[in-house]
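Report on the following structure.
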Amino acid sequence: MVLRKAIAASLLFVGLVGLGGLVGGARLWAQGVSFTRTDYSVGSGPESLATGDFNMDNKLDLAVANQASNNVSILLGNGDGTFQPGPTVGAGIEPTALAVGDFNMDEKLDLAVANGGSNSLSILLGNGDGSFQAPLPFPAGVGPSAITVGDFNNDGKLDLAVANDDSDDVSILLGNGDGSFQGVGRLHVGGVPMGVVVGDFNGDGKPDLAVCNSFTNNVSILLGNGNGTFQPATHLAVGLAPQALAIGDFNGDGVQDLAVANADSDNVSILLGNPDGSFQPAIAFGVGMSPFAIAVGDFDMDSILDLAVANADSDNVSILAGMGDGSFQPPVYFAVGIYARAVAVEDFDNDGKPDLAVANEASDNVSVLINATPAR
C-alpha cells in the first residue's frame with residue numbers, strides 16, 4: 001500500500017505543485033486527490049471555524065468566528081457539500097477561536113468562543129434550529145487565542161481549556177452541566193501559546209493537553225490527573241512560531257502523535273509519541289508560506305492519515321500524504337481565499353470521503369473543498 005502510494009506520487013507530483021482550486025466546481029488533482037471548491041461569504045476577518053449539526057437535520061453545518069466584526073457566522077449545510085447562510089450571532093470583542101459541545105446537556109449543540117479583545121469566553125447556547133441564545137460571558141486569561149473541549153474531572157460534564165497568548169498560560173474552566181463554568185486555575189506553559197488540543201498521550205484514560213507556544217518555539221505537554229488538575233508542563237522543541245497543532249497516529253503504532261504548523265519556518269513538525277506520554281524529537285516537513293492551521297484526514301482513501309495545512313501567506317492549503325511510518329510525501333497545493341487562517345475536516349456531502357473548510361481572514365469568506373477523489 002505504501003509502495004503504491006509512493007509510485008503514484010512520483011507520477012503525479014511533477015507539474016502539479018502550485019496548481020490551485022477554482023471557485024464553482026473546478027476539479028484539481030494531486031497525489032491521487034481531487035477537490036472541487038466553492039466560497040461562502042461570512043463576517044469580517046474570519047479566524048476560526050468549527051463543525052456541528054446546529055439545526056438537528058443530520059447535516060453538518062459550520063460556525064465561523066469573525067474577529068473584526070465581533071460575531072459568529074453560521075452556515076447551514078444542505079448535506080450535499082453546499083451551504084446556505086444561517087444566522088449571525090454576537091460574541092465578545094475580537095473572537096479568535098471557537099469550539100463545539102453540548103454544555104447544558106440538552107442534546108443541542110452549543111458554542112464556546114474565545115474573545116481575544118475582551119479576555120473572556122462567550123458561551124452561546126444552541127436552540128436546536130441553527131440559532132443561538134445571547135452570549136454568556138466568562139473570564140479567561142489575557143488574550144485568549146485557542147480553545148478546546150474535554151471532560152477533565154471525569155464528571156460527565158464538558159469542560160474547557162483556553163490558551164491565553166498574552167498571559168502565557170492555559171485557563172481551565174470546569175463545566176457545571178447547565179451551560180455555566182467555574183474557573184479552577186491557570187496552567188503555566190511556554191511563551192505566547194496559540195493552539196491547544198486534548199488527547200490521551202500516556203494511555204491512562206485521562207485527558208491530557210498539548211499547547212503550542214509561538215514565542216518559545218515549543219510544545220508544552222500537560223498530563224492530566226483526571227480530577228481537573230494537570231502535571232507541570234514538559235516542553236518539546238519544534239519549528240519557528242508554531243500556531244496550531246493536531247493529533248493523529250501517523251506511524252500506526254497505536255500511540256498518539258502530534259503535527260504542529262510553524263508559521264515562521266514554513267513547515268510542519270511531526271512529534272511521534274511514546275507510550276509513556278513523551279515524544280521523539282521533531283521531524284520537519286515543508287509546506288506553504290506562513291502555515292497557521294493544520295488538520296488530519298485520509299484524503300486519498302488509502303487508510304493512512306494525511307495532513308491538510310492552511311498557509312496564510314500563500315493563500316492555499318497543502319496536502320501532505322502520509323506514508324504510514326510517520327513521514328509524509330512532498331506537499332501539493334490547492335488555492336483557497338486570501339490569508340487562510342483555519343481549516344476543518346469533515347464529510348460534508350456524506351460520500352464517505354473527508355472534505356475541507358478553510359476560513360480566509362482577508363477575503364471574509366470560507367472555502368469549502370469537496371473531496372472528489374475517485375474510488376480505489
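Small disclaimer: the values here were computed from a predicted structure and weren't measured.
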### Task
Would you mind listing every ring pair (Phe, Tyr, Trp, His ring centres under 6.0 Å) that reaches into residues 87-129, with sequence neighbours excluded?
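Sorted result for residues 87-129: Phe103-Phe181.
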
### Message
Give me each pair satisfying ring pair (Phe, Tyr, Trp, His ring centres under 6.0 Å) with a member in residues 237-270, each pair once, sequence neighbours excluded.
### Response
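For residues 237-270: Phe250-Phe328.
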
Do side-chain atoms of [X] reach the backbone of [Y] as a donor and acceptor pair under 3.5 angstrom?
| X | Y | answer |
| --- | --- | --- |
| Asp53 | Met56 | yes |
| Thr373 | Ser34 | yes |
| Asp306 | Gly322 | yes |
| Ser145 | Ala163 | yes |
| Thr96 | Pro144 | yes |
| Ser265 | Leu240 | yes |

#### Entry: Intermediate values then yes/no, side-chain hydrogen bond (donor to acceptor under 3.5 Å, both in side chains), Asn365 and Asn360
CA-CA 6 Å; Asn365 61 12; Asn360 306 302; 2.9 Å; yes

Do [X] and [Y] pair up side chain to side chain, a donor and an acceptor below 3.5 Å, judged on atom types alone?
| X | Y | answer |
| --- | --- | --- |
| Ser171 | Asn164 | yes |
| Asp276 | Asn202 | no |
| Asn267 | Asn262 | yes |
| Asn176 | Gln182 | yes |
| Ser120 | Asn115 | yes |

Between [X] and [Y], is any pair of side-chain heavy atoms under 4.5 Å apart?
| X | Y | value |
| --- | --- | --- |
| Leu258 | Phe201 | yes |
| Ile283 | Ser327 | no |
| Lys206 | Asp200 | no |
| Leu320 | Val309 | yes |
| Val317 | Leu356 | yes |
| Phe54 | Asp129 | no |

### Which residues share a salt bridge (Lys or Arg N to Asp or Glu O under 4.0 Å) with Asp351, sequence neighbours left out
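Applying salt bridge (Lys or Arg N to Asp or Glu O under 4.0 Å) to Asp351 gives Lys353.
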
### Message
So, using salt bridge (Lys or Arg N to Asp or Glu O under 4.0 Å) as the criterion, who are the partners of Asp151 when residues are at least two apart?
### Response
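Partners of Asp151 under the salt bridge (Lys or Arg N to Asp or Glu O under 4.0 Å) test: none.
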
### Task
Take Asn213 and Ser220, measure what side-chain hydrogen bond (donor to acceptor under 3.5 Å, both in side chains) needs, and give me the verdict at the end.
CA-CA 7 Å; Asn213 306 299; Ser220 299; 2.9 Å; yes

### Query
What are the two closest heavy atoms between Phe132 and Gly126, and how far apart are they?
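Heavy atoms of Phe132 and Gly126 come nearest at CD2-CA, 3.5 Å.
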
### Task
Give me the other members of the hydrophobic cluster that Val196 sits in, counting Ile, Leu, Val, Met, Phe, Trp and Tyr linked by side-chain heavy atoms under 4.5 Å, directly or via other members.
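Listed partners: Phe152, Val170, Ile172, Leu174, Val184, Leu187, Val189, Val198, Leu209, Val211, Leu222, Phe230.
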
#### Entry: Results of side-chain hydrogen bond (donor to acceptor under 3.5 Å, both in side chains) for Glu361 - residues two or more places apart only
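Checked Glu361 against side-chain hydrogen bond (donor to acceptor under 3.5 Å, both in side chains); matches are Arg341.
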
### Message
So, using side-chain hydrogen bond (donor to acceptor under 3.5 Å, both in side chains) as the criterion, who are the partners of Ser48 when residues are at least two apart?
### Response
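So Ser48 forms no side-chain hydrogen bond (donor to acceptor under 3.5 Å, both in side chains) with any residue.
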
Pairing residues for [X] by the side-chain contact (heavy atoms from CB on, under 4.5 Å) criterion, not counting sequence neighbours:
| X | value |
| --- | --- |
| Val192 | Asp165, Asp168, Met194, Ser214, Phe215 |
| Ser41 | none |
| Asp106 | Asp102, Asn104, Lys108 |
| Leu60 | Glu346, Phe348 |

### Task
Give a yes or no on whether a salt bridge exists between Asp39 and Arg37, defined as a side-chain N under 4.0 angstrom from a carboxylate O.
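Looking at Asp39 and Arg37, the cut-off is met.
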
#### Entry: Distance in Å, Cys212 SG paired with Leu245 CG, rounded so as to fall on 0.5 Å steps
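One finds 5.0 Å between SG of Cys212 and CG of Leu245.
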
### Message
Working to the nearest 0.5 angstrom, can you tell me the gap between Asn119 CG and Ser167 OG?
### Response
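Between Asn119 CG and Ser167 OG, I get 8.0 Å after rounding to 0.5 Å.
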
### Task
Please determine which of Asn225, Ile221, Asp208 meets the side-chain contact (heavy atoms from CB on, under 4.5 Å) test together with Gln231.
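Only match with Gln231 under side-chain contact (heavy atoms from CB on, under 4.5 Å): Asn225.
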
Would you give me the side-chain donor-acceptor pairs under 3.5 Å for residues 284-296, sequence neighbours excluded?
unit_1: Ser290; atom_1: OG; unit_2: Asp313; atom_2: OD2; d: 2.5

